[in-house]
Student: 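Quick one: the structure is below, questions incoming.
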2 protein chains.
Amino acid sequence: MKTKKGTSQELTRGGIIQEAREQFVRNDYRQVSMRNIAKKLGCSHGAIYYHFKNKAELFYAIVEKDFTELNQEIDDIVNCDDMDDNEKLYNLFLRFISFGLNHQNQFEIMFMIRHAEVDSLSQQSASLSYHKFANAIQQMVSQPIAVKIIWSAFISLLGFVSHYRGYVNSFKEAEGAAKTHVLFTMKALIDS
Amino acid sequence: MKTKKGTSQELTRGGIIQEAREQFVRNDYRQVSMRNIAKKLGCSHGAIYYHFKNKAELFYAIVEKDFTELNQEIDDIVNCDDMDDNEKLYNLFLRFISFGLNHQNQFEIMFMIRHAEVDSLSQQSASLSYHKFANAIQQMVSQPIAVKIIWSAFISLLGFVSHYRGYVNSFKEAEGAAKTHVLFTMKALIDS
DNA sequence: TCCTCCTTTTGACCATTGGTCAAATACTGT
DNA sequence: ACAGTATTTGACCAATGGTCAAAAGGAGGA
């Protein structure tokens with residue numbers, strides 16, 4: 001049986017992830033330590049290694065969950081009936097940035113920083129999210145657009161997140177600049 | 001007297017920087033260790049701390065030098081007489097990306113990653129380079145452009161470097177994509 | 001040559017990290 | 001109660017950045 005202690009104090013994957021996420025929200029991958037997570041959980045750091053092979057795997061568990069959320073958001077916009085294509089595109093871009101700035105450290109690991117430890121795990125998820133994003137764009141634009149151009153648009157949004165992460169604590173703080181940048185990016189995309 | 005050993009084996013700021021740069025080119029800030037630099041220099045790691053207050057200061061010394069180079073390149077393009085404004089803009093953007101991908105780890109510290117240790121030092125240089133860049137753009141475009149738009153163009157280029165760093169070892173390997181992205185960014189900038 | 005003063009350098013030391021693992025502990029089913 | 005398995009512990013390892021008293025190396029003067 002995998003289930004154990006029906007009592008109070010159990011150390012579960014879920015519990016570890018929860019605490020790890022809390023630390024991960026505020027600090028970057030390398031600043032968060034297994035020992036500190038353990039301390040907050042009231043267990044030894046060794047115990048965490050029973051539930052997760054290593055730090056990378058623990059963080060990937062978080063990243064994966066959050067990216068499911070991003071994929072869902074993309075789908076929601078694509079399937080929404082209340083907007084025309086232009087509005088959809090605008091919202092898609094803005095949501096992408098919003099997600100990036102509200103999940104800064106997860107985003108960093110997925111799309112920005114190459115991290116030998118985490119890469120092998122995150123690459124697939126990142127690629128999946130990108131393809132959802134690219135497909136969404138294709139559907140929202142009247143004439144077919146070169147893949148290269150979509151890629152440039154993606155890169156452009158990535159740049160926004162890449163720069164503002166660290167300067168800003170949440171999307172709200174950069175909302176104005178984000179809207180400008182989204183319009184900027186749309187202009188290049190649509191007039192192509 | 002500051003001067004010492006007229007003999008062979010002296011440990012100088014310059015020598016340390018040179019070795020540090022070599023390591024910094026291949027590895028990221030946190031992967032480079034003072035101890036390894038010392039080992040390659042044939043001295044103890046403590047000795048480096050005599051010449052540099054800490055790791056951040058050592059790396060800033062490198063970063064600063066490289067950014068002087070970037071500023072120079074920007075000036076060269078602005079003052080060049082063989083190109084019209086559009087060509088200049090194209091080259092400015094491409095050179096910016098080129099610099100970013102050929103100085104990945106320096107660039108990362110200057111424009112991308114927020115690093116409490118290094119930030120206080122690098123902020124000024126980064127800001128200076130950005131302003132040179134922004135002014136150059138203003139000069140190359142016929143009608144005056146909103147500051148916000150220039151900022152978006154900068155962010156867009158930053159995104160390119162931000163993503164390709166780590167996937168690619170030098171500008172050459174991403175040249176094709178870079179050209180596409182530069183044209184993409186110019187389109188948004190000029191049609192504004 | 002020897003002694004002093006100042007500049008460098010050393011290497012032991014500290015705290016902290018990710019990770020491992022044998023041994024101890026807590027549970028579960030019988 | 002016992003056996004067997006699922007967890008936890010904490011000592012241990014190899015790194016890291018950083019500090020600092022002590023040692024070494026030089027230059028100049030007597």
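The analysis underlying the following values was restricted to heavy atoms, covering all of them including side chains, and did not include hydrogens, waters or symmetry mates. Chain identifiers are assigned alphabetically (A, B, ...) following the order of the sequence lines, protein sequences preceding nucleic acid strands; residue numbering begins at 1 within each chain.
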Student: So what is the end-to-end bend of the helix from C:dT1-D:dA30 to C:dT30-D:dA1, with 5 pairs used at each end and the value given to 10 degrees?
Tutor: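 That helix has its two terminal axes inclined by roughly 30°.
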Student: Can you list the residues that meet the side chain to side chain donor-acceptor pair (under 3.5 Å) rule with A:Ser156, with sequence neighbours excluded?
Tutor: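 Only A:His181, A:Thr185 meet the side chain to side chain donor-acceptor pair (under 3.5 Å) criterion with A:Ser156.
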Student: How many Å lie between CG on A:Leu11 and P on C:dT25, as a whole number?
Tutor: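 Taking atom P of C:dT25 as the reference, CG of A:Leu11 is at 18 Å.
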Student: Just how far, in rounded Å, is P of D:dC13 from CG of A:Asn54?
Tutor: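 These atoms are roughly 22 Å apart.
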Student: Is it true that B:Glu19 and B:Gln23 share a donor-acceptor pair across their side chains at a distance under 3.5 Å?
Tutor: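 Result is yes, a qualifying pair exists.
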Student: Provide, to the nearest angstrom, the distance between the CD atom belonging to A:Glu57 and the C1' atom belonging to C:dG19.
Tutor: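 Whole-Å distance recorded here is 14 Å.
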Student: Would you say B:Asn91 and B:Glu87 are linked by a side-chain donor-acceptor pair, where the criterion is simply a distance under 3.5 Å?
Tutor: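 On atom types as modelled, these side chains do not qualify, holding no pair under 3.5 Å.
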Student: State, without any angle test, whether A:Asn102 and A:Ser170 hold a side-chain donor-acceptor pair at a distance under 3.5 Å.
Tutor: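 The criterion, which ignores hydrogens and geometry beyond distance, is not satisfied for A:Ser170 and A:Asn102.
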Student: B:Glu69: what forms a side chain to side chain contact (heavy atoms under 4.5 Å, CB included) with it, not counting sequence neighbours?
Tutor: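 Applying side chain to side chain contact (heavy atoms under 4.5 Å, CB included) to B:Glu69 gives B:Asp66, B:Glu73, B:Phe99, B:His103.
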Student: Tell me the interatomic distance from B:Arg30, atom CZ, to C:dG18, atom P, rounded to whole angstroms.
Tutor: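 Distance check: B:Arg30 CZ to C:dG18 P gives 12 Å.
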Student: With respect to the phosphate group of D:dT7, does any side-chain polar atom (N or O) of A:Tyr50 fall under 4.0 Å of OP1 or OP2?
Tutor: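 Checking D:dT7 against A:Tyr50, a side-chain N or O does come within under 4.0 Å of OP1 or OP2.
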Student: Give the rounded distance in Å between these two atoms: CZ of A:Arg13 and P of D:dT8.
Tutor: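 In whole Å, D:dT8 P and A:Arg13 CZ are 13 Å from each other.
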Student: Could you work out, with side chain to side chain contact (heavy atoms under 4.5 Å, CB included) as the rule, every residue matching B:Lys148, not counting sequence neighbours?
Tutor: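 Side chain to side chain contact (heavy atoms under 4.5 Å, CB included) check on B:Lys148 returns A:Thr180.
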Student: Run the side chain to side chain contact (heavy atoms under 4.5 Å, CB included) test against B:Thr68 and tell me which residues pass, sequence neighbours left out.
Tutor: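 Listed in chain order: nothing, the list is empty.
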Student: Mind checking whether B:Phe93 and B:Leu189 have side chains closer than 4.5 Å, heavy atoms only?
Tutor: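 SC-SC contact between B:Phe93 and B:Leu189 confirmed.
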Student: Is there a side-chain contact between A:Phe96 and A:Val182 in this structure, where contact means two heavy atoms from C-beta onward sitting under 4.5 Å apart?
Tutor: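 A side-chain contact is absent here, since even the closest heavy-atom pair is not under 4.5 Å.
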Student: Could you identify which residues of residues 34-48 of chain A place a heavy atom less than 4.0 Å from some atom of DNA chain C, listed by residue number, or say none?
Tutor: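 Those residues are A:Met34, A:Arg35, A:His45.
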Student: Atom CD of A:Glu10 and atom P of D:dT9: how far apart are they, to the nearest Å?
Tutor: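 Taking atom P of D:dT9 as the reference, CD of A:Glu10 is at 14 Å.
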Student: Whole-Å distance between D:dT8 C1' and A:Phe52 CZ?
Tutor: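 Going from A:Phe52 (CZ) to D:dT8 (C1'), I get 16 Å.
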Student: In whole Å, I'd like the distance from the OH atom of A:Tyr49 to the C1' atom of D:dA11.
Tutor: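 Whole-Å distance recorded here is 15 Å.
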